[in-house]
Each structure stands twice: as C-alpha cells, then as structure tokens.
Amino acid sequence: MAKYYLGLDQGTTGVTAILFDENWRQAGRGYREIRQIYPRAGWVEHDAIDIWESACFAAQQAMDAVGAQGCDILCIGLDHEGESVILWDKVTGQPLYNTLVWQDRRTAEAAEALSASHGAYILERTGLAVDAYFSALKLRWLLDNVPQAQPLLAQGRLAAGNMDAWLAWNITGGAHVTDPSTASRTMLMNLQSCDWDEEVLALLDIPRAILPQIRDSAARFGTADPDRFCGISAPLTGMLNDQQAALFGQTCFDKGSVKTTYGTGCFLLMNTGDTPAPSPGGLVTTVGWRLGGRTSYALDGGVYISGAATQWLRDGMKIISSAAETEAMARAVADSGGVYFVPAFTGLAAPYWDSYARGMMIGITGGTTREHIVRATLESTAYQVADLLGTMERDSGVEIRAMRCDGGAVVNGFLMQFQSDILGLPLHVPEIRDTTALGAAFMAALGAGYVASADELRRCWRLARTYEPRMSADEREALLAQWHRAVERCRGWAK
C-alpha cells in the first residue's frame with residue numbers, strides 16, 4: 001500500500017492539501033477557498049471555523065484523489081498565512097472573534113504611536129519595525145475589544161495564536177504549539193533566543209500564558225486525532241510560516257539563495273545563513289527555520305496585494321470571470337497603454353511601509369481598454385517585486401543572479417516573462433508549483449525521521465521552465481521610473 005507525506009498549506013484565500021509519495025511526486029491534491037470578510041475599509045477578517053473546515057475538506061479531497069486512508073499518511077507538515085491571529089477558548093475550542101488577517105490595518109494608528117515611542121527598542125529585540133502587519137498589535141486589539149477575552153483570561157481558559165497554532169490545536173485535539181518562523185512574525189519573539197521576549201510582552205501587556213510553546217520547525221508537535229481530522233493518526237512533525245515553507249520547498253538552503261512566491265500577496269525571501277541581517281531599506285529580518293537548535297535566518301520583502309488584485313478584477317470590478325483569462329488579455333495589447341496600477345488596497349509594505357497608501361490607477365485615457373487594465377494589474381506585481389529585489393541586493397550586499405519562483409501565478413507566462421524582463425534576471429520555475437505545501441511536507445519528513453538532513457532533499461527539486469530576460473536596460477529603467485512616479489502619488493492618501 002502506498003504511503004504519503006501530507007503538506008497542508010493554509011493560505012489567505014484558501015487551503016491546499018497535497019499528498020506527496022515517497023519519491024516526492026505530487027499524488028493527490030485538495031483545495032477549498034476561504035471566505036474574505038471586510039467589515040470596514042482597511043479591516044480584513046476570516047472565520048476561523050471556516051479555515052478549520054476548509055483544512056479538513058482539502059485533506060479529505062487529496063486523500064480521495066488517490067484512494068488513501070488515514071493509515072496511509074506518514075506525517076503531517078503545516079504552513080499557514082503568517083501574521084493573522086486569533087483568540088479561542090481552551091475549554092470549548094471556540095474562537096471568540098474572527099481571525100484578524102495579516103492584511104488588516106485597524107491597528108495602524110496604534111502602530112504609529114508605538115513606533116514613535118519604542119520603535120527602535122522593538123526592532124532591536126524582535127528584528128521587526130513596528131507595523132500593523134505583524135501580530136502583536138492585532139492581538140492587543142482583540143484583548144481590548146472582545147468582551148469574553150478578559151473573563152476567560154482570568155479563568156486561565158484563553159488561548160491565542162497564529163493560524164498554525166489554531167490548526168495544530170484542532171488537528172491534535174489540544175496541542176498549543178508554534179515554531180520560530182511564525183513566532184518571528186508576531187513582533188513578540190526575541191530574534192536571538194527564539195523565545196517569547198518578556199520585555200516586549202510586558203510593554204504590550206500580553207500574557208505569556210496565552211501564547212503557544214515555541215518548538216523547532218521540525219519536531220514532534222503532537223499526533224492527529226483521527227476522529228477530528230479525516231481518520232488520520234499520523235504525527236504533526238513540521239510547522240512553518242508559509243513563505244519560509246516556500247523557501248524550504250525551493251531548497252534555498254544556501255546563504256544568498258532567493259525565492260519569490262506569487263499568491264494573494266507576493267513574497268521574496270533570501271536565506272541569510274545563521275546570522276540575522278539588518279535591513280536599512282525596510283525589509284523584514286526574520287527566522288527562516290530552526291533545526292536541531294540551529295537557526296537559519298532570512299530577509300523578507302512582502303507585497304500585500306498581488307493575486308488579490310486579480311481577484312478584485314474578477315469579484316469587485318467584474319472585468320474578468322477568472323484569473324486564467326488574464327494572460328491572453330495582457331498579450332492582446334502591445335503594452336499597458338500608459339496605465340499604471342498601484343494596488344495599495346491596505347497600504348504598502350517594504351520598502352515603503354506606508355499604512356495610509358491606497359490603491360490607484362493612473363494614466364487612463366479614452367482609449368484605455370479592459371486589456372490595458374488587466375495588463376497593468378499583472379505588471380504591478382512585477383514592479384513591486386523589482387522594488388524588493390533591489391532593496392535586498394543593497395541591504396545584503398549580495399548580487400542576485402537568478403530567482404526561483406512558485407505559487408499559483410507562475411502558470412501565467414506573460415507575468416513570468418515580464419517579471420524576468422523587469423528584473424533583468426532568469427527565473428526558475430519548479431515542476432511542483434505548490435512549494436509551500438512541499439516545504440511543509442519536507443519539514444515534516446525531517447521531523448518524523450524519514451529524512452536525515454535537509455541536504456537529502458536537494459535532489460527532490462525539479463526544474464520545469466526557465467524564463468530569460470529580453471527587455472533592454474533603457475526600456476526597463478523607463479518603465480520603473482514611471483512606476484515610481486505612480487507610487488509616490490498614492491502614498492499617504494488615507495491619512
């Protein structure tokens with residue numbers, strides 16, 4: 001009977017579950033979309049029960065695709081959407097409020113005030129510039145605004161965590177755990193010790209007791225409860241933040257290796273080795289993973305809105321009926337017709353860190369068509385990645401010669417070619433595009449002892465396609481100059 005590694009990837013817009021066979025070929029795949037909730041402008045929430053049910057649905061669908069039973073799963077690896085945070089009752093297991101998603105900006109003013117008073121202090125200890133993006137102030141908002149939070153805290157029944165902790169709790173029936181890659185995104189973990197920072201916790205008045213235990217990224221986090229999770233009784237042995245999972249799944253194990261994941265947002269990570277790398281340009285210094293007590297660090301540049309902009313064209317503007325249409329539409333015109341779209345729906349992340357920027361489309365004329373708008377939307381992702389890569393090269397002192405790419409949007413040949421052109425770099429796309437799920441499964445195999453070391457996994461990465469740049473340097477510079485003019489016009493708009 002075939003055996004499988006399960007990689008469970010909880011993303012911002014949906015949950016993907018993939019079964020990998022013992023030769024690391026993708027066998028079964030399941031997916032279910034997550035509902036997006038927008039209570040007010042700049043507020044973004046998820047229903048945590050919906051996330052858990054979607055995880056179960058996706059896992060069962062992946063198993064059904066190959067006729068697998070719960071006993072056929074060797075181990076479980078979990079990755080998740082990052083900085084999103086939730087409170088729940090330890091006794092009932094019920095969430096007290098919706099998940100506050102990483103895109104949520106309701107704490108922007110609180111972040112601005114905290115940055116002014118303690119920004120340098122927090123940056124020194126956690127490696128993070130104070131921003132509403134990270135979990136800490138979202139958690140503080142929940143503690144202050146959810147009526148049940150303080151009574152349950154007094155009774156010792158309150159639990160808090162990111163989506164990994166929430167899913168691990170449900171998968172295992174009560175393990176309250178996380179790993180350093182996720183904890184490093186909360187603005188509450190000491191970057192050197194990889195433990196919760198008591199001084200920062202005290203500053204924000206967040207009780208340590210409600211937070212999950214931090215373990216190595218490959219560890220015995222618990223065992224799945226078969227009555228709760230698709231009949232599976234395998235151990236949960238790998239946990240990672242989603243972008244670090246993609247870095248691991250792309251086998252970027254060497255210092256200076258880089259990957260970009262194209263999803264709801266878009267995230268560029270560079271492995272910086274065993275030393276945290278500060279970023280004067282505003283990138284995030286983060287933990288890549290921790291194995292055997294040894295920490296690997298990374299530089300992270302995040303684009304808040306990438307695939308979400310295409311989703312907005314579909315659901316908000318109804319310009320398209322599916323993302324699959326966008327490649328042909330973009331190719332139908334010679335260029336964007338002078339249209340630039342800055343999709344700053346919830347502000348701009350690195351290198352701008354402007355919570356008050358808002359989305360803007362400029363250059364529209366009477367001749368602008370749907371095709372121009374679609375092309376400008378795709379191009380906006382490539383421009384944002386170019387901003388991040390330039391900052392990463394300057395801050396790290398490393399010249400990037402190629403980039404590995406993954407995520408759903410790598411199927412869009414127009415976007416990948418334009419990305420290669422605007423970077424002036426070759427892009428390498430692997431056979432398995434879902435490298436977040438693959439990285440989680442890789443980590444689980446390590447944690448369960450099926451793989452002795454990360455180096456053994458290098459041979460499992462397989463190249464599908466390379467894109468080479470074709471654009472002249474002059475054209476590239478002209479396009480980027482216009483992009484930067486557009487960005488400046490959208491900044492500070494909501495202030």
Side-chain angles (χ1 to χ4, degrees), residues 79 82-83 123 126-129 133-134 179-182 184-185 191-192 194 217 240-263 265-291 294-304 306 349-353 381-407 410 416 419-420 422-430 435-436 438-439 442-443 454-455 457-458 461 467:
D79 74 83
E83 298 75 14
L123 177 63
T126 70
L128 304 179
Y133 176 34
F134 304 113
D179 94 297
S181 72
T182 295
S184 72
R185 314 296 296 190
L191 197 61
Q192 299 291 340
C194 289
S217 306
L240 285 165
N241 197 62
D242 56 359
Q243 299 313 316
Q244 286 90 327
L247 190 70
F248 201 78
Q250 289 276 34
T251 65
C252 291
F253 304 147
D254 299 322
K255 183 177 180 178
S257 52
V258 177
K259 72 87 197 175
T260 298
T261 298
Y262 297 81
C266 186
F267 296 89
L268 174 63
L269 264 71
M270 172 191 280
N271 187 325
T272 62
D274 58 7
T275 304
S279 173
L283 300 176
V284 177
T285 303
T286 190
V287 170
W289 46 78
R290 187 173 174 87
L291 296 173
R294 181 179 177 182
T295 306
S296 294
Y297 293 92
L299 271 180
D300 171 13
V303 173
Y304 290 150
S306 175
Y352 304 102
W353 292 114
T381 289
Y383 290 133
Q384 292 176 94
V385 170
D387 283 344
L388 294 173
L389 186 135
T391 304
M392 191 167 283
E393 284 190 321
R394 288 190 296 273
D395 288 357
S396 68
V398 175
E399 181 182 358
I400 298 170
R401 298 185 181 276
M403 187 168 75
R404 292 188 171 184
C405 300
D406 57 79
V410 298
M416 291 294 98
Q419 183 71 87
S420 177
I422 212 67
L423 294 178
L425 293 176
L427 307 184
H428 301 308
V429 178
T435 53
T436 44
L438 178 62
F442 275 172
M443 192 62 75
D455 280 338
L457 298 167
R458 292 182 191 272
W461 188 91
Y467 291 86

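Nothing fancy with the numbering, it's 1 onward along the sequence.
Of the inter-residue distances, the one linking L247 atom CG with L268 atom CG reads 10.0 Å to the nearest 0.5 angstrom. How far CG of L128 is from OG1 of T286: 6.5 Å, rounded to the nearest 0.5 Å. How far CD of Q384 is from CG of L389: 14.0 Å, rounded to the nearest 0.5 Å. Atoms CE and OG1, on M403 and T260 in that order, are 3.5 Å from each other to the nearest 0.5 Å.
Annotation for T272 and A277: closest pair CG2-CB, 3.9 Å, computed over non-hydrogen atoms. Closest heavy-atom contact between G249 and F442: O-CE1, 3.8 Å. Nearest approach of M443 to S217, heavy atoms of both residues: CG-O, 3.2 Å. Taking each heavy atom of H428 and A402 in turn, the nearest pair found is NE2-CB, 3.7 Å. Across every non-hydrogen atom of A386 and I422, the tightest pair is CB-CG2, 4.2 Å. When every heavy atom of L240 is checked against every heavy atom of G288, the shortest pair comes out as CD2-O, 3.8 Å.
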Check step by step if side-chain contact (heavy atoms from CB on, under 4.5 Å) holds for T126 and F134. CA-CA 11 Å; T126 70; F134 304 113; over 6 Å; no

Any chance you could lay out the salt bridge (charged side-chain N to carboxylate O under 4.0 Å, His left out) test for D254 and R458, step after step, and finish with the verdict? CA-CA 11 Å; D254 299 322; R458 292 182 191 272; 3.0 Å; yes

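At least one donor-acceptor pair closer than 3.5 Å links the side chain of K259 to the backbone N or O of F267. At distances below 3.5 Å, not a single donor-acceptor pair connects side-chain atoms of T182 with backbone N or O atoms of D179.
For the residue pair Q250/D406, the side-chain donor-acceptor check at 3.5 Å is satisfied. In summary, the side chains of T285 and S279 do not present any donor paired with an acceptor at a separation below 3.5 Å, with no hydrogens or angles considered. No hydrogens or angles considered: a donor-acceptor pair under 3.5 Å links the side chains of R404 and T251.
Annotation: side chain of V398 is not in contact with side chain of K255 (no heavy-atom distance under 4.5 Å). Contact annotation: the side chain of C405 approaches that of M416 to within less than 4.5 Å [non-hydrogen atoms, C-beta and beyond]. At a threshold of 4.5 Å between non-hydrogen side-chain atoms, the residues M270 and C252 do not count as touching. Contact annotation: the side chain of R185 approaches that of Q244 to within less than 4.5 Å [non-hydrogen atoms, C-beta and beyond]. When side chains are defined from C-beta on, L388 counts as touching V303, because their heavy atoms get closer than 4.5 Å. Side-chain contact between V385 and Y262 is present, with at least one heavy-atom pair separated by less than 4.5 Å.
Under the 30°/60° scheme for interplanar angles, the aromatic rings of Y133 and W353 are found to be tilted. Ring geometry for F248 versus W289: interplanar angle over 60°, hence perpendicular rather than tilted (30 to 60°).
For residues 386-397, no pair satisfies salt bridge (charged side-chain N to carboxylate O under 4.0 Å, His left out), with sequence neighbours left out.
Contacts of T295 classified as side chain to side chain contact (heavy atoms under 4.5 Å, CB included), with partners at least two apart in sequence or in another chain: C194, V287, R290, Y297.
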